[in-house]
Engineer: 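Pasting a structure below so you can have a look.
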Amino acid sequence: MASLPILQFEEKIVETVEQNPVVVVIGETGSGKSTQLSQILHRHGYTKSGIIVVTQPRRVAAVSVARRVAQELDVRLGEEVGYAIRFEDRTSERTHIKYLTDGVLLRESLSNPDLNQYSVIILDEAHERSLNTDVLMGLVKRLIKMRASNLKILITSATLDGEKVSKFFSNCPILNVPGKLFPVEILHSKDRPTSYLDSCLKTAIDIHVREPEGDVLIFLTGQDDIEKLVSMLEDRVRSLQEGSCMDAIILPLHGSLPPEMQVRVFSPPPPNCRRFIVSTNIAETSLTVDGVVYVIDAGYVKQRQYNPSTGMYSLDVVQISKVQANQRAGRAGRTRPGKCYRLYPSKVYQDEFLDVSVPEIQRSSLAGSVLYLKSLDLTDIDILKFDFLDPPSAESLRDALKQLYLIDAIDESGSITTFGRTMAELPLEPSLSRTLMEANEYGCLSQALTVVAMLSAETMLLQGRSKSTEKKRKHPSVDLPDGSGWGDHIQLLQIFECWDENNYNINWCKDNDLQVRGMMFVKDVRKQLAQIMQKIAKGSLDVRTKKRRKESRQDYRNLRMALCVGYANQLAERMLRHNGYRTVGFKSQLVQVHPSSVLKADEEGTLPDYVVYHELIATSRPYMRNVCAVEMAWVTPILEKLEKLDTNKLSGGSAHIEEVADIKQTEILDKKVDGDAVPDDRETILQYEHGADVSFLSVYGKQIGQALNLQIQNKTGLESNLKVDI
DNA sequence: GAGCACTGC
């Protein structure tokens with residue numbers, strides 16, 4: 001332990017913490033900050049007046065770091081040193097060093113806003129800027145004003161971010177703790193390659209042929225590219241002359257890979273063999289692969305973004321930040337000196353890369369966070385002026401308020417309602433919390449609990465789908481229920497009910513291509529939600545899953561009604577004469593039911609007039625994912641409410657949100673239009689040829705005189721206008 | 001008739 005760099009700074013750290021309520025600690029990889037800061041402060045008496053708590057953005061990190069600290073202090077995990085993550089609280093009355101996920105600390109502060117039991121709060125990995133850590137930073141800033149005498153805050157961050165965080169906390173001191181990494185030589189390419197995959201391939205083979213042993217880690221954006229490069233590498237390696245270089249193992253690594261495939265990267269290679277790990281940014285922070293000496297960094301990452309004016313998410317390939325680039329490079333220097341090949345010029349790194357990635361708070365829907373903050377009753381703070389390190393846009397806050405109003409979480413003046421308070425207690429998106437509460441009124445709580453729990457685990461349910469396994473499986477699970485035509489929520493309910501009928505048999509999951517881990521998670525979530533609902537209702541609710549199936553002609557009416565109330569802000573109306581939909585309540589968007597949906601059309605081939613959806617996502621087109629058929633009569637009250645909506649009033653009058661004029665107009669470079677522009681008022685989707693590397697979702701055309709006025713929507717829902725002569 | 005990076009309560 002004595003070799004950890006941070007320990008040489010022990011006196012300095014203690015002294016600085018002694019004299020300041022907030023300290024920023026910049027600790028590079030390998031500095032030991034995550035395990036040592038808490039122990040240093042413990043040694044100097046900070047656990048006498050309370051618990052030292054350390055937050056982590058990820059569950060595995062909270063658990064593994066706690067385990068290490070317990071080992072180092074030679075105590076049993078869960079006694080003096082413990083951790084708390086969702087579904088798992090391993091702390092006791094004797095715990096004085098506690099690791100937890102940032103989300104758990106936020107939940108705790110709901111019932112104890114002053115966090116009185118803690119003498120020190122360490123927000124670790126703050127540079128990752130998770131939504132929860134950002135909210136915590138705002139809360140903690142407020143907390144030190146109230147508890148200045150007996151609370152110490154430490155924020156750990158990255159070099160490029162330290163100044164900004166310090167400024168946010170009234171210019172608090174910054175401590176630098178060097179890391180313990182071997183030097184990594186950075187090699188930039190002269191130009192940006194025209195094809196990243198080809199360039200990756202060439203660089204990888206060059207390393208393989210020329211460089212001494214050591215594994216190669218390659219960062220790409222997603223599963224598709226990874227699979228392509230893996231097969232390219234396999235071909236190329238096979239064609240190398242036998243004996244001319246060492247053997248090679250090529251491993252893909254991404255999140256949708258089944259766990260048993262993911263852990264393959266942890267087994268060391270046989271002698272005289274080099275591994276190529278082709279990965280998403282999962283290997284940047286979440287997984288650490290040992291033995292890596294060479295990193296190839298294409299400089300891109302796939303990021304999810306939310307557009308508050310359309311309510312639409314998109315998944316975009318964007319440039320990484322400098323912090324990310326450095327993090328990736330650092331992966332080469334864990335065991336010995338390494339090399340990082342960047343497939344972009346150093347000028348691009350310097351001039352184009354952001355210092356830090358755009359924080360999640362500026363890329364997400366904020367309904368949940370705003371409701372959470374409202375429920376804290378911070379009378380001294382106006383939510384809309386809440387002090388964030390990077391404030392979200394006014395538009396995003398307005399969107400959040402609108403959502404909350406439509407589901408009765410706040411009233412027309414923006415104050416939280418009793419409904420809203422209950423909703424904030426549930427670890428769910430507000431729309432789903434609202435659904436549960438409504439379902440309770442209609443006597444279908446048990447079903448709603450199942451649906452909501454299934455939605456929380458949706459991405460973990462299906463078995464990893466790579467193209468190769470797809471081929472093998474000609475018969476896609478025919479035995480699963482189909483939602484009886486009402487849509488995906490009902491199908492999710494029916495799937496869980498089937499599993500319930502099969503007594504939660506693990507083999508049933510396997511037979512039906514469902515991940516066991518995912519289904520177990522659903523069970524846990526459902527149980528947790530049921531407990532919270534019981535507590536709220538203070539009576540006994542019927543949350544049991546019913547062991548009877550298929551009452552004939554069950555139309556799930558009550559459940560669908562409850563969903564309609566919860567998803568008031570996620571409503572779409574079918575267009576006349578075709579099966580496209582228009583979103584209601586947002587700037588009107590033409591959207592389609594996702595092809596994977598089980599929603600059924602009637603005998604005439606027509607889809608229901610109204611649906612609610614769980615998510616709007618722009619991929620090749622804007623799609624509604626997870627839809628449920630609802631009825632006109634249930635929609636009317638929502639439309640009435642939308643009519644009365646006054647967002648200025650929702651923002652509490654005093655805090656008038658200023659209009660933001662930062663909607664970026666997409667530059668149209670090429671004005672060639674292909675396709676049939678029908679010269680009438682009907683929206684017509686055209687194919688649009690363009691010169692910029694922006695992909696457009698749709699083009700609405702309208703003829704005016706000899707010109708065609710086009711309204712063009714790009715992937716993130718931003719719109720631009722273009723006039724074309726015809 | 002598509003396809004989705006990563007977390008978390």
Side-chain angles (χ1 to χ4, degrees), chain A residues 55-63 84-89 100-111 125 128-136 219-227 253-257 262 279-287 298 300-305 313-318 320 324 327 357 359-361 363-364 368-369 371-372 423-430 432-433 452-453 456-462 464-467 469-470 476 521 524-525 528-529 531-532 579 592-599 615 617-626:
Chain A
T55 69
Q56 294 289 331
R58 280 172 294 281
R59 295 160 58 98
V60 275
V63 176
I85 59 178
R86 190 181 190 178
F87 307 132
E88 210 180 336
D89 185 348
L100 34 66
T101 46
D102 46 17
V104 169
L105 188 59
L106 274 184
R107 286 282 139 203
E108 282 189 3
S109 80
L110 206 53
S111 50
E125 316 291 2
E128 287 187 29
R129 305 299 303 278
S130 76
L131 180 52
N132 287 337
T133 299
D134 266 22
V135 174
L136 279 173
F219 284 104
L220 294 178
T221 57
Q223 184 176 345
D224 240 31
D225 283 355
I226 288 171
E227 281 169 10
L253 180 61
H254 52 83
S256 36
L257 222 51
Q262 285 190 19
S279 173
T280 60
N281 55 334
I282 194 171
E284 204 175 283
T285 48
S286 306
L287 290 179
Y300 290 96
V301 65
K302 220 176 262 188
Q303 233 177 32
R304 199 174 141 96
Q305 330 243 32
Y313 281 95
S314 60
L315 211 53
D316 303 327
V317 173
V318 298
I320 56 171
Q324 274 181 298
Q327 176 73 29
S357 330
E360 207 184 339
I361 200 169
R363 298 188 281 113
S364 320
S369 300
L371 179 62
Y372 170 81
M423 286 159 61
E425 300 259 346
L426 291 156
L428 289 170
E429 293 160 41
L432 298 182
S433 309
V452 159
S456 321
E458 210 219 341
T459 52
M460 307 164 62
L461 290 184
L462 289 176
R465 293 243 163 113
S466 74
K467 274 172 193 150
T469 61
E470 193 93 339
F521 182 79
D524 280 341
V525 173
Q528 183 191 27
L529 296 174
Q531 279 167 353
I532 297 173
N579 277 338
Q592 238 126 54
V593 176
H594 196 277
S596 67
S597 175
V598 295
L599 184 72
E615 183 182 61
I617 176 116
T619 48
S620 55
R621 283 176 164 192
Y623 285 114
M624 297 181 283
R625 275 190 66 246
N626 289 323

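Per chain, numbering begins at 1; letters A, B, ... match sequence-line order. Values reported hereafter were calculated over all heavy atoms of this structure, with side chains retained and with hydrogens, waters and symmetry mates removed.
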Engineer: Could you tell me which residues satisfy side-chain contact (heavy atoms from CB on, under 4.5 Å) with A/T55, sequence neighbours excluded, listed by chain and number?
Structural biologist: A/L100, A/D102, A/L105, A/L123, A/L136
Engineer: I'd like to know if A/D134 and A/R129 make a salt bridge, using a cut-off of under 4.0 Å between side-chain N and carboxylate O.
Structural biologist: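 Looking at A/D134 and A/R129, the cut-off is met.
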Engineer: Over how many whole Å does the gap from A/R86 atom CZ to B/dG8 atom P extend?
Structural biologist: 11 Å
Engineer: Salt bridge between A/E360 and A/R304, side-chain N to carboxylate O under 4.0 Å?
Structural biologist: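 The answer is no: the pair does not qualify as a salt bridge.
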Engineer: Using only side-chain N and O atoms of A/Q223, determine if any of them is under 4.0 Å from OP1 or OP2 of B/dA5.
Structural biologist: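 For B/dA5, OP1/OP2 do have a side-chain N/O of A/Q223 under 4.0 Å.
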Engineer: For A/F87 and B/dC9, what is the distance between atoms CZ and C1' respectively, to the nearest whole Å?
Structural biologist: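 That distance rounds to 8 Å.
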Engineer: Using only side-chain N and O atoms of A/R621, determine if any of them is under 4.0 Å from OP1 or OP2 of B/dG1.
Structural biologist: no
Engineer: A/L136 has an atom CG; how far is it from atom C1' of B/dC9, in whole Å?
Structural biologist: 12 Å
Engineer: Give the nucleotide from the list B/dA2, B/dA5, B/dC9 with an atom nearest to the side chain of A/I85.
Structural biologist: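 Selected nucleotide (nearest to the side chain): B/dC9.
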Engineer: Please tell me which of A/E615 and A/D102 maps to the more 5' nucleotide of DNA chain B, matching each residue to the nucleotide holding its nearest heavy atom.
Structural biologist: A/E615
Engineer: How close or far is atom P of B/dA5 from atom CZ of A/R304, stated in whole angstroms?
Structural biologist: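 Computing the A/R304:CZ to B/dA5:P distance gives 12 Å.
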Engineer: Over how many whole Å does the gap from A/I320 atom CD1 to B/dA5 atom P extend?
Structural biologist: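 For the pair A/I320 CD1 and B/dA5 P, the rounded distance is 17 Å.
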Engineer: Report which part of the nucleic acid A/V104 touches: base, sugar-phosphate, or nothing (heavy-atom distance under 4.0 Å, all strands).
Structural biologist: sugar-phosphate
Engineer: Quick one: A/Q531 CD to B/dC9 C1', roughly how many Å, whole number?
Structural biologist: 14 Å
Engineer: Looking only at the side chain of A/T101 (C-beta and beyond, no hydrogens), which of the listed nucleotides B/dG8, B/dA5, B/dG1 gets closest?
Structural biologist: B/dG8
Engineer: May I ask you to verify if any side-chain N or O of A/S596 is less than 4.0 angstrom from the OP1 or OP2 atom of B/dG1?
Structural biologist: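 For B/dG1, neither OP1 nor OP2 has a side-chain N or O of A/S596 closer than 4.0 Å.
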Engineer: Look at the side chain of A/P427 and decide which nucleotide, out of B/dT7, B/dG1, B/dC9, has an atom nearest to it.
Structural biologist: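 Taking heavy atoms from C-beta onward, the closest nucleotide is B/dC9.
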Engineer: To the nearest angstrom, how far is A/L131 atom CG from B/dA5 atom P?
Structural biologist: 22 Å
Engineer: Taking only the side-chain nitrogens and oxygens of A/S130, find out if one of them lies under 4.0 Å from OP1 or OP2 of B/dG8.
Structural biologist: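 It does not, given that no N or O in the side chain of A/S130 lies less than 4.0 Å from OP1 or OP2 of B/dG8.
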Engineer: Expressed as a whole number of angstroms, how long is the span from A/Q262:CD to B/dT7:P?
Structural biologist: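 About 8 Å, once rounded to whole Å.
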Engineer: Looking only at atom types and distance, does a side-chain atom of A/Q262 sit under 3.5 Å from a main-chain N or O of A/L257, one as donor and one as acceptor?
Structural biologist: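 Such a contact is found between A/Q262 side chain and A/L257 backbone.
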Engineer: From the list B/dC6, B/dC9, B/dA2, which nucleotide is the closest neighbour of the side chain of A/R107?
Structural biologist: B/dC9
Engineer: Inspect the contact between A/R107 and A/E425 and indicate whether a charged nitrogen and a carboxylate oxygen are less than 4.0 angstrom apart.
Structural biologist: no
Engineer: Toward the 5' end of DNA chain B, which comes first, A/N281 or A/L426, by nearest nucleotide?
Structural biologist: A/N281
Engineer: Please enumerate all residues that pass ring-ring contact (aromatic ring centres under 6.0 Å, His included) together with A/F521, with sequence neighbours excluded.
Structural biologist: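 With sequence neighbours excluded, A/F521 shows a ring-ring contact (aromatic ring centres under 6.0 Å, His included) to A/F87, given in chain and number order.
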Engineer: What does A/R58 touch in the nucleic acid at a heavy-atom separation under 4.0 angstrom: a base, only the sugar-phosphate, or nothing?
Structural biologist: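 Sugar-phosphate, no base atom in range.
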Engineer: Nearest of B/dC6, B/dC9, B/dC4 to any side-chain atom of A/S286?
Structural biologist: B/dC6
Engineer: Describe the nucleic acid contact of A/R129 in one word from base, sugar-phosphate, nothing, applying a heavy-atom distance below 4.0 Å.
Structural biologist: nothing
Engineer: Nearest to the side chain of A/L315 - B/dC6, B/dA5, B/dC9?
Structural biologist: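 Nearest nucleotide to the side chain: B/dA5.
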